[in-house]
Amino acid sequence: MEGLLTPRESAKFIAENSRDVFIDSGGVRRVAELLLPKVSSPELSLAGWKTLHELNPKAADEAAVNWVFVTDTLNFSFWSEHDEHKCLVGYGGKMYSGFWSLCAAVNRALDEGIPITSASYYATMTLDQVRHVFRSDTDVPMPLLEERHRILSETGKILLEKFEGSFLNCVRKSEKSAQKLMHLVVESFPSYRDVTQFEGKKISFYKRAQILVADTWSVLEGKGDGCFKDISTITMFADYRLPQVLAHLGAMKYSDELLEKLRKGEMLSNGHRQEVEIRGCSLWCVELIRDCLLELIEKRGEKTSGEINSVLLDYYLWDYARDHREDMKGISFHRTRCIYY
């Protein structure tokens, strides 16, 4: 086995050796053109993370950083077996599904006086306490509650031991480097080690570690401890929604065999060749979209609201997937139940 490839190197290698997932260069360009009018809007800006999402913290302080750490530590596997029956959490007069059901549950717990973002609390939570905090307002529970309990306990203990219970201390050790922070998270917290093998190489996606770095950058508004000079080295976060929207927009294509599997709702295990191809190609696809978009911006002399990077493209496309869920019914997302995404 050779050394571990970075997420970007992994994605390039997977895209070059993929059998069932293909990147369409014409589709990549069409997506870049779709994004071009958005480059000066809040939707493709760092500020959008706070202004466009009511559940995200509005402050840029230690408490907000600890909120981000808890939500991204549990940021995995929200898809429901049936569209009409799903876990929903009510908060502030609205019902939330998917990842937002987790954020709503965290905010609800804080309002109820439960210190769910405090490591000394969640390191010692019982399974029943976890079930109570993340209770659904439908009869469909949040998936993988036992795993969420185990990970909260493990992660809370490590945060207390290594970083005095505050993720901000971990952020400060990274010396304003997104890469350094990502590696520190992966080395320190076992549940963030999103690695597998493909064609004899050890590859990494680090979906949750990368989104944690990105959300830390966003909650701190790219300033102070969150001023990561290398934020553009963070790639998109390989999950199950982004590949679906990229396929829907024509930037990615699937083989007939894979399309049939997805249509039938067949489960793909984490590390299965086709699952790895879907994640790797979607990651590389976003890198190509970003490069194409930057080229278009330069050519047309567009004004941007700030740096355009893969983090902001991921945020935008993920929101686009939620807003266009009905249109995307023709392309099924891949079903993998795991703790990495």
Side-chain angles (χ1 to χ4, degrees), residues 1-14 62 64-77 117-120 122-124 144 147-198 200-220 224-239 270-271 276 279-280 283 309-311 314 338-341:
M1 291 297 292
E2 293 174 38
L4 180 64
L5 300 181
T6 66
R8 196 173 188 281
E9 291 166 345
S10 299
K12 185 172 190 285
F13 178 70
I14 293 162
E62 186 172 15
V65 170
N66 284 326
W67 184 97
V68 160
F69 183 65
V70 167
T71 52
D72 283 333
T73 292
L74 298 177
N75 186 352
F76 56 84
S77 206
T117 56
S118 163
S120 54
Y122 60 78
T124 57
L144 302 181
E147 281 294 276
R148 294 183 202 280
H149 173 238
R150 182 188 69 74
I151 287 168
L152 274 174
S153 172
E154 170 186 86
T155 307
K157 288 182 176 81
I158 295 166
L159 196 65
L160 289 165
E161 276 166 33
K162 290 194 172 181
F163 306 104
E164 292 160 43
S166 174
F167 185 59
L168 192 57
N169 290 333
C170 184
V171 174
R172 285 177 176 149
K173 283 203 161 102
S174 70
E175 298 162 332
K176 301 189 179 173
S177 162
Q179 284 296 317
K180 219 168 171 182
L181 181 55
M182 180 184 79
H183 288 295
L184 189 55
V185 166
V186 169
E187 283 157 21
S188 304
F189 304 102
S191 78
Y192 280 91
R193 292 173 199 157
D194 179 10
V195 298
T196 188
Q197 289 176 21
F198 182 81
K201 288 195 191 286
K202 210 170 171 200
I203 58 160
S204 65
F205 290 117
Y206 295 154
K207 184 261 179 179
R208 288 196 295 109
Q210 293 209 100
I211 204 168
L212 175 58
V213 173
D215 289 349
T216 301
W217 175 63
S218 301
V219 78
L220 294 174
D225 295 311
C227 175
F228 301 130
K229 52 191 179 292
D230 55 348
I231 191 66
S232 63
T233 62
I234 297 294
T235 70
M236 67 75 99
F237 325 122
D239 68 350
N270 183 224
V276 170
R279 295 183 80 200
L283 200 157
N309 54 43
S310 297
V311 169
D314 183 293
C338 70
I339 66 165
Y340 299 114
Y341 64 99

So does [Y] get a backbone contact from the side chain of [X], meaning a donor-acceptor N/O pair under 3.5 Å?
| X | Y | result |
| --- | --- | --- |
| Arg8 | Thr233 | no |
| Asp230 | Gln179 | yes |
| Asp194 | Phe205 | no |
| Ser153 | His149 | no |
| Ser10 | Leu5 | yes |

Lys/Arg cation over aromatic Phe163: Arg172, 6.0 Å, 45° cone: no
Hey, could you give me the [atom1]/[atom2] distance between [X] and [Y], rounded to the nearest 0.5 Å?
| X | Y | atom1 | atom2 | result |
| --- | --- | --- | --- | --- |
| Leu181 | Leu212 | CG | CG | 6.0 Å |
| Leu74 | Glu147 | CG | CD | 11.0 Å |
| Cys170 | Asp225 | SG | CG | 11.5 Å |
| Ile339 | Ile151 | CD1 | CD1 | 4.0 Å |
| Phe76 | Leu144 | CZ | CG | 6.0 Å |

Does a donor on one side chain and an acceptor on the other come within less than 3.5 Å for [X] and [Y]?
| X | Y | result |
| --- | --- | --- |
| Tyr122 | Thr117 | no |
| Glu62 | Ser166 | yes |
| Arg208 | Ser191 | yes |

Tyr192 and Phe69 aromatic ring geometry - parallel, tilted or perpendicular at 30°/60° bounds: parallel
Carboxylate-amine/guanidinium proximity below 4.0 Å for Glu154 and Arg150: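 Looking at Arg150 together with Glu154, the answer is yes, because their closest N to O distance falls below 4.0 Å.
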Verdict with reasoning, Thr196 to Arg279, per side chain to side chain contact (heavy atoms under 4.5 Å, CB included): CA-CA 12 Å; Thr196 188; Arg279 295 183 80 200; over 6 Å; no
Residues Leu220, Val65; criterion side chain to side chain contact (heavy atoms under 4.5 Å, CB included); working and verdict: CA-CA 8 Å; Leu220 294 174; Val65 170; 3.7 Å; yes
Glu164, CD: over 12 other non-hydrogen atoms inside 6.0 angstrom: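 Not more than 12 within 6.0 Å, no.
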Residues Val311, Asp314; criterion side chain to side chain contact (heavy atoms under 4.5 Å, CB included); working and verdict: CA-CA 5 Å; Val311 169; Asp314 183 293; 5.9 Å; no
ring-ring contact (aromatic ring centres under 6.0 Å, His included) between Phe189 and Phe167, worked out: CA-CA 12 Å; Phe189 304 102; Phe167 185 59; 7.1 Å; no
